[in-house]
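The structure appears right after this line, and notes come after that.
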2 protein chains.
Amino acid sequence: MYEVIRKPTIVDVARAARVSTATVSRVLNGRRVDPELVRRVRAAAAELHYRPNGTARSLQAGATRLIGVLVPDLGNPSFSELLRGLADATGAHGHRLLVADSKEIQDEERALIHELALHCDGLVLCSPRLPLEELARFAVGPLVCTNREVGGLSMSSAGVDSYAGMTEIVRHLATLGHRHIGYLAGPPDSWSNAERQRALGDSAAALRLQVTVVQAGSTSDDGHRALPALLAAGVSAVVAFNDLVAIGLLAGLREQGLDVPGDVSLAGFDDIPVAQFLAPPLTTVRLPTEEVGRQAWELLREQLQQAGRHGTVRLPTELVVRGSTGPAPDAP
Amino acid sequence: MYEVIRKPTIVDVARAARVSTATVSRVLNGRRVDPELVRRVRAAAAELHYRPNGTARSLQAGATRLIGVLVPDLGNPSFSELLRGLADATGAHGHRLLVADSKEIQDEERALIHELALHCDGLVLCSPRLPLEELARFAVGPLVCTNREVGGLSMSSAGVDSYAGMTEIVRHLATLGHRHIGYLAGPPDSWSNAERQRALGDSAAALRLQVTVVQAGSTSDDGHRALPALLAAGVSAVVAFNDLVAIGLLAGLREQGLDVPGDVSLAGFDDIPVAQFLAPPLTTVRLPTEEVGRQAWELLREQLQQAGRHGTVRLPTELVVRGSTGPAPDAP
DNA sequence: ATGAAAGCGCTAACAA
DNA sequence: TTGTTAGCGCTTTCAT
């Protein structure tokens, strides 16, 4: 009789090797077994092209060794970097990444979190846009947010000190003689953006600087579109929510025949790899994004080992002064 | 007595709702059930904070709805874009992405492919570096390679026409009067690189151009490092394996006080988002990378629906002439 | 329409 | 050491 063609299971291997399934399992997992049986099992497995079923293993083990990661935009180099740090760190511990992109859409974010939670041992939510209390409801399993304050809720948080970074860059601009600074704001629900805006307000008040906030977003196109509003406001320096936005603005400025930093100074956030290669090289606040990814894993790992061990990591930023910022045109 | 704290299962819900597990399952999956029982089940599930176990479902279903993706470098914007197209397309069909980064290391690649295969319904290998025959051995399940010829092997392939792209850019440079072209070669095991190099050789022969190939790699640093060799060769135009490499070289050229395209013309491959924002904006061969991701999913889907339905998709490229290429300095 | 029971592929406790 | 067997959590016949 012909057998229905299906993937060989451990039962098939056991039969072919004339041993029990337990023995096959032991051989496969490197447990102590009689060499002769080991040989027979290996031969049978090879013969049948046997591959163990990861799902069955996961069910039995009660864990999948899968970590769900939600990012708002896979296209942003900053998240790629975080992903890389995360993939590197989790990989070293035998865990893999289940990646989903919410495309900055809240409903997507909610749906994806629910779905990821079904298959994963833990979740890393990158710059989540959902309200905190809603996030808290998901926090049944190990959960880490990046770049998001989590209050006293039962989750961990890894991020950077956006407030300090903004403070530093405003001081830098003030020192260069700028009295009116424009800010290209990021996504409305971004906590990082709120922090940066808050720091800008505080610093400006302390230094008696004028500030114009223009709503932009997180992409280069958003930055490009914001140019007219900025020009109308008459700022002499601009800080963008991130480097991508800064790049878009830079291109717009160049199209208008404006010199950077001669006419307008420009700074971003992130220090994405290309920032140093732009013309002029971009002054920016460097965020240790890859390290945030690593730290997120460490925090997750603590929760994996012992439920309820929450923690918060806030990494320092570093102002990287390059060619895109210079003295204010009307400075003494 | 106190129960040990563990996640509630369908059994717990069934007991609490005083129905069978089958009924709970039916309610959860929207099957026709008496409204009163539906109510009781939903109430019990909510009360217990019940969440179904995805692994158990997958085991029962014989499928995980997970697609494994292997990329050589998560940090390369080009792969982020592919990932995005893939995530978008698979997501629309209820599949998720299991992502792994081989960091351009062959051993990693091999190990990760094996691992991914254990948990996934299908695999997408992005620009794999492993030899074809080894890849063929993995092709027990649905498999798609991107940017890699697969011969008659039992897998599908989605990619771009690198050969045509290179041909077009060489013609462009020749028209501008360039007689000696430098090529910054990509990773040695990259099939795309081989294709581009082959096209360059063929075109140069036909047009009687001189060619100097300098081994670089796939990152901006690689491009930056290649500058001396290029300068020594005395080329008047350079084509880089990809935009990242071109960007590194561009920065190096600028540091040397050389003008692009005044002294040297420069072109890349990919058209990553920042390419248009560089100074000068980068002439490059645009690859429909996101679309490659979508097509990869379509090909995978065909295999998922019916084993053995292999296909090949080769998408056209488009030369995007921007400011980084111009007439040869010594042209008439 | 509902429940009892088998079984997805694997590992681990228990026996021998 | 090896085999037998129970069971991980779920869905799905098969009866009722």
Look at the side chain of A:A56 and decide which nucleotide, out of C:dG9, D:dT12, D:dG9, has an atom nearest to it. C:dG9
Looking only at side-chain N and O atoms, does B:S80 offer a donor or acceptor that is under 3.5 Å from a partner on A:S80? yes
Tested for side chain to side chain contact (heavy atoms under 4.5 Å, CB included) against B:L125, the lone hit among B:L116, B:L130, B:L135 is B:L135
Is it true that A:S20 and A:T23 share a donor-acceptor pair across their side chains at a distance under 3.5 Å? yes
Rounded to whole angstroms, how far apart are CZ on A:R15 and P on C:dG9? 12 Å
Evaluate the criterion side-chain hydrogen bond (donor to acceptor under 3.5 Å, both in side chains) for residue pair B:Q303 and B:S156; output intermediate values, then yes/no. CA-CA 9 Å; B:Q303 291 188 49; B:S156 295; 2.9 Å; yes
What nucleic acid atoms does A:V19 come within less than 4.0 Å of, heavy atoms only: base, sugar-phosphate, or nothing? sugar-phosphate
Which of the following nucleotides, D:dT4, D:dT12, C:dA12, is nearest to the side chain of A:S20? D:dT4
Go through D:dC10, C:dT11, D:dT11 for me and flag the one nearest to the B:S25 side chain. D:dT11
All N/O donor-acceptor pairs, side-chain side in residues 62-74 of chain B, below 3.5 Å, sequence neighbours left out:
residue : atom : partner : partner atom : Å
B:T64   : OG1  : B:L66   : N            : 3.2
B:T64   : OG1  : B:H119  : O            : 2.9
B:T64   : OG1  : B:D121  : OD1          : 3.1
B:R65   : NE   : B:G94   : O            : 3.4
B:R65   : NH2  : B:H93   : O            : 3.0
B:D73   : OD1  : A:R84   : NH2          : 2.8
B:D73   : OD1  : B:G75   : N            : 2.8

D:dG9, C:dA13, C:dT2: which one has an atom nearest the side-chain heavy atoms of A:R26? C:dA13
Remember a base hit wins even if backbone is also touched, and classify A:V24 as base, sugar-phosphate or nothing at under 4.0 Å, heavy atoms. nothing
Heavy-atom closest contact (B:T90 atom, B:L97 atom, distance): OG1-CD1, 3.4 Å
So if I take every side-chain heavy atom of A:N29 and compare against D:dC8, D:dT4, C:dT11, which nucleotide ends up nearest? C:dT11
Looking at D:dG9, does its base get a donor-acceptor pair with the side chain of B:Q60 below 3.5 Å? no
Under 4.0 Å, heavy atoms only, any strand: does B:T9 hit a base, just the sugar-phosphate, or nothing? sugar-phosphate
DNA chain C contacts made by residues 32-50 of chain A, counting heavy atoms under 4.0 Å: A:Y50
Whole-Å gap separating P (D:dC8) and CG (A:L59): 9 Å
